[in-house]
Amino acid sequence: VSVFLRAVGYSLPALVRTNEDLVGQNPSWDAQAIARKTGIRSRHVAAAGETSGELARRAAEVLLSESGFDRSRIDAVLFCTQTPEAVLPATACTLQASLGLPTSCAALDFSLHSSGFPYGLWLARALLQAGSAGNVLLLLADTLSAAADPHDAATAPLFGDAGAAALVSAEAAGAIAEVGPVVVGTDGRGTPHLRLHQGVLAMNGTEVFNFALTRVPEAIARLLDAAPWRPEDVDCYLLHQASGFVLEALRRKLGLTPEKLPIDLADVGNTSAASPVLLLRRLLDRGALRAGARCVVAGYGAGFSWACAALTLAGTPR
Amino acid sequence: MLLIARTLEIDPAQLTPASKAADFATWDSMGTMQVLLALDDTCGLKLAPGQTEGLTSVAGILGLLEKAGKLS
């Protein structure tokens, strides 16, 4: 059974926090140095009471409105977040109601960080190929900016908030891409190095960097074997936008040009699981991806957890 | 030692086997990541989760290289 990506959409909170705002809270910091080290100049942050579920709902409404897809045909909603509205109930259940999805719709949260989008494609693909669903709405959102200590130089400049939506379907008509193989992986030894504990985000940046530098190229190699694609067959690597430093290091390690491994986080920051969707959609909106382009989507983050998916864009991407 | 000095933009004469990250302004967390990247580039050094603490001192780096069989 072939699996297709019908549409993608995203939402950003209205509130923007600039590097200058961060310096206002931390006079010893330097706005230019933050931009130089992270590639980030500003990020959108959720206002008080603006939840991950609300960001996901808005992203889904954008997707449904733009695609014109009949929401009564959605069989499952999968919501990836590390910052759910509540431990109980699942935010996906709230989203089923707020989006007006049928009560026959499956709804569940899955708790992953920046591996969430390709991991969600892996889950959706499995549901579709098993015949358990025909149309899966994959939602991803986090509000990690509120969990970052505003005085922690490792996390406060990095994280922005966003919601993202992707409609994964067994129907080829109207698709923007075909979803090929997906590979996933886990190394739980990384658990202490990026965690949200008692409401506070803590990150050992060197450990996370070491993980990304090691596992992402390995996962991409596994995916290329599974596709099977040669490295030169790939038009674009859509990597989780962790930070400019991490992405430039991966670009160098993989021997890729800026066109093949785009960095696009200056105005949004690291938006966790939503980030590859934002990247894909923003590249499509700019016309930066050719029809038929072969793309590798890679997500990597807390756990440590990672996933890579093969996407082949349709003739007239949107 | 030269690789560490060049990566961190430190005068090599200032680096000794007893040098630690705290002794140098450029050897902050970003500097440590740059050292990791340089060691990966030049020696192919791969570290398991939990091993990067060793990158915050010259002795620690030499220990990691020795353990990985990268010291000739």
Side-chain angles (χ1 to χ4, degrees), chain A residues 28-30 32-40 152-158 185-195 202-219 221 242-255 300-306, chain B residues 1-12 14-71:
Chain A
S28 64
W29 294 7
D30 179 305
Q32 294 303 320
I34 294 170
R36 197 170 55 249
K37 289 178 179 180
T38 65
I40 300 164
D152 178 8
T155 55
L158 277 187
T186 313
D187 186 346
R189 291 176 296 172
T191 304
H193 304 305
L194 180 51
R195 63 199 305 244
M203 181 174 77
N204 179 329
T206 310
E207 283 288 340
V208 175
F209 178 60
N210 179 51
F211 149 64
L213 201 60
T214 308
R215 295 299 187 184
V216 174
E218 285 176 7
S243 80
F245 180 78
V246 170
L247 290 163
E248 281 173 14
L250 286 170
R251 188 190 272 165
R252 200 167 98 192
K253 191 168 172 75
L254 293 163
Y300 49 97
F304 296 127
S305 169
W306 61 93
Chain B
M1 298 270 265
L2 262 179
L3 176 75
I4 301 169
R6 196 167 54 238
T7 303
L8 297 169
E9 298 175 349
I10 294 171
D11 177 359
Q14 289 187 300
L15 271 185
T16 72
S19 296
K20 292 183 167 58
D23 302 334
F24 303 94
T26 55
W27 201 345
D28 56 5
S29 61
M30 185 63 72
T32 306
M33 288 191 264
Q34 285 166 339
V35 169
L36 171 60
L37 188 57
L39 291 169
D40 180 66
D41 272 353
T42 56
C43 317
L45 181 70
K46 305 287 177 213
L47 300 181
Q51 284 192 310
T52 67
E53 183 60 30
L55 297 171
T56 56
S57 68
V58 170
I61 292 169
L62 294 175
L64 289 170
L65 288 170
E66 188 171 19
K67 195 173 169 187
K70 303 288 183 184
L71 274 187

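Protein chains get the first letters and strands the later ones, always in sequence-line order, with residue 1 at the start of each.
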Exercise. Is Ser305(A) reaching over with its side chain to a backbone N or O of Ala302(A), donor-acceptor style, under 3.5 angstrom?
Worked result: no
Exercise. Do side-chain atoms of Glu207(A) reach the backbone of Gly50(B) as a donor and acceptor pair under 3.5 angstrom?
Worked result: yes
Exercise. Does CD belonging to Glu9(B) count more than 12 external heavy atoms closer than 6.0 Å?
Worked result: no
Exercise. Yes or no on side-chain contact (heavy atoms from CB on, under 4.5 Å) for Ile34(A) and Lys37(A), after CA distance, side-chain angles and deciding distance?
Worked result: CA-CA 5 Å; Ile34(A) 294 170; Lys37(A) 289 178 179 180; over 6 Å; no
For this session: Could you check Arg195(A) against Met203(A) for side-chain contact (heavy atoms from CB on, under 4.5 Å), going step by step and ending with a plain yes or no?
Result: CA-CA 7 Å; Arg195(A) 63 199 305 244; Met203(A) 181 174 77; over 6 Å; no
For this session: Check the angle between the aromatic planes of Phe211(A) and Trp306(A) and answer parallel, tilted or perpendicular using the 30° and 60° thresholds.
Result: tilted
For this session: Against chain B, label Asn210(A) side chain, backbone, both or neither, depending on which of its atoms sit under 4.5 Å from a heavy atom there.
Result: both
Exercise. Is it the side chain or the backbone of Phe245(A) that comes within 4.5 Å of chain B heavy atoms, both, or neither?
Worked result: side chain
For this session: Determine which residues belonging to residues 29-36 of chain B lie within contact range of chain A, meaning some heavy atom pair is under 4.5 Å apart, and list them by number or answer 'none'.
Result: Ser29(B), Met30(B), Thr32(B), Met33(B), Gln34(B), Leu36(B)
For this session: Could you please state which residues from residues 19-28 of chain B sit under 4.5 angstrom from chain A, measuring non-hydrogen atom to non-hydrogen atom, sorted by number, or 'none'?
Result: Asp28(B)
Problem set entry | Inter-residue atom distance Leu158(A).CG - Thr155(A).OG1, 0.5 Å rounding | 7.5 Å
Problem set entry | Within residues 33-43 of chain B or reaching into it, pairs that qualify as salt bridge (charged side-chain N to carboxylate O under 4.0 Å, His left out) - sequence neighbours excluded | Arg252(A)-Asp41(B), Lys253(A)-Asp40(B), Asp40(B)-Lys46(B)
For this session: Compare all side-chain heavy atoms of Leu250(A) with those of Pro217(A) and state whether any distance is below 4.5 angstrom.
Result: yes
For this session: Report the residues that fulfil side chain to side chain donor-acceptor pair (under 3.5 Å) with Thr38(A), sequence neighbours left out, ordered by chain and then residue number.
Result: none
